[in-house]
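Take a look at the structure below.
Computed from heavy atoms alone, side chains included, the values below leave out hydrogens, waters and symmetry copies. Proteins come first, then strands; the chains are lettered A, B, ... in the order of their sequence lines, and each starts at number 1.
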Amino acid sequence: MKFPTLHSWDLSPKEAIALQKELAQQIDVERPLKKCALIAGADCSYNRFSPTFYAAVVVLRTSDWSIVEAQGVIGESPFPYIPGLLSFRETPIVLQAFAKLEHRPDAIMCDGQGFAHPRRFGLACHLGLWLGIPCFGCAKTRLTGDHDEPGSNAGAVAPLHEKGEHIGNVVRTKNKTKPVYVSPGHLIDLNSATQWTLESSCGYRIPEPTRQAHLHVNQMRLQDTSEPEV
DNA sequence: GCGACAG
DNA sequence: ATCTTGTCGC
């Protein structure tokens with residue numbers, strides 16, 4: 001896959017925040033996703049005290065959830081983990097994995113927030129803007145916003161609000177298990193993101209795209225002989 | 001000042 | 001994110 005360079009990743013935390021505020025103005029979270037034959041999942045993995053980073057993207061066929069393609073990259077992250085600035089830590093390497101992709105997915109599911117972010121510019125917004133592909137976030141825990149507990153059965157949804165704004169949905173993907181936090185990133189609306197989250201939750205709490213990407217990066221990390229096993 | 005805080 | 005065994009519940 002090819003995509004243009006939008007900006008440098010060599011930034012200080014203050015510069016990163018300024019850039020988020022600037023790029024957030026370009027985000028489109030109103031567009032319903034019409035066609036989605038191929039959906040990609042992206043994820044990262046790493047050791048506690050090693051700078052080595054593993055990123056993977058897996059492309060799935062939505063008709064039967066079979067894996068069409070998987071690409072991974074091993075590198076180092078130039079940015080520390082700071083709540084609210086996760087995209088500056090993970091996106092540079094994730095983009096390298098997308099660059100190796102031969103298939104162009106119709107949508108992308110990220111392991112983190114999209115619009116449900118303090119500055120409305122989470123990981124999924126940033127990745128979607130770079131790639132120009134509909135992208136949304138499916139996080140395992142909350143970053144910001146308030147909500148009621150969704151019903152206890154799969155399919156239950158509760159709105160995530162902040163300052164009077166509907167920024168995402170808390171979605172129960174499996175009976176009696178913790179819900180996930182869904183929000184649009186770019187070129188997709190909240191309803192489409194929520195529907196595809198439920199559609200791809202094949203009996204697990206984590207939807208198939210992100211679940212497969214997670215399995216993939218973990219395989220990469222455990223098979224990397226250049227890293228000292230703890 | 002205090003508490004919260006994606007991965 | 002990662003470190004970790006068994007265990008309670010459906």
Nearest to the side chain of [X] - [options]?
| X | options | answer |
| --- | --- | --- |
| R221(A) | dT2(C), dA1(C), dA6(B) | dT2(C) |
| R89(A) | dA6(B), dT2(C), dG7(B) | dG7(B) |
| A139(A) | dA6(B), dA1(C), dC3(C) | dA6(B) |
| E90(A) | dA6(B), dT2(C), dG7(B) | dG7(B) |

Any donor-acceptor N/O pair, [X] side chain to [Y] backbone, under 3.5 Å:
| X | Y | value |
| --- | --- | --- |
| D28(A) | E30(A) | yes |
| T62(A) | L38(A) | no |
| H103(A) | P105(A) | no |

Test log, rule salt bridge (Lys or Arg N to Asp or Glu O under 4.0 Å), inputs R120(A) and E162(A) | CA-CA 11 Å; R120(A) 307 291 180 259; E162(A) 185 173 71; 2.9 Å; yes
Can you tell me the distance, in whole Å, between the [atom1] atom of [X] and the [atom2] atom of [N]?
| X | N | atom1 | atom2 | answer |
| --- | --- | --- | --- | --- |
| H216(A) | dA1(C) | NE2 | C1' | 18 Å |
| F49(A) | dC3(C) | CZ | P | 11 Å |
| D43(A) | dT2(C) | CG | C1' | 13 Å |
| L143(A) | dG3(B) | CG | P | 19 Å |
| Y181(A) | dC5(B) | OH | C1' | 13 Å |
| H214(A) | dA6(B) | NE2 | P | 15 Å |

Look at the aromatic rings of H7(A) and W130(A) and report parallel, tilted or perpendicular, splitting at 30° and 60°.
-> perpendicular
Could you tell me how the ring of W9(A) sits relative to the ring of H126(A): parallel (under 30°), tilted (30 to 60°) or perpendicular (over 60°)?
-> tilted
Give a yes/no verdict on base stacking between dA1(C) and Y81(A): centres under 5.5 Å, planes within less than 30° of parallel.
->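 A stacking contact does not exist, since Y81(A) is not both close and nearly parallel to the base ring of dA1(C).
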Check whether any side-chain N or O of T144(A) sits under 4.0 Å from OP1 or OP2 of dA4(B), and answer yes or no.
->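 No, outside the criterion.
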Can you list the stems that include DNA chain C, where a stem is three or more consecutive Watson-Crick or G-U pairs with distances under 3.5 Å?
-> none
Is any NZ, NE, NH1 or NH2 atom of the basic residue among R119(A) and E22(A) found under 4.0 Å from an Asp or Glu carboxylate oxygen of the other?
-> no
So what does G137(A) touch, heavy atoms closer than 4.0 Å: a base, only the sugar-phosphate, or nothing?
-> nothing
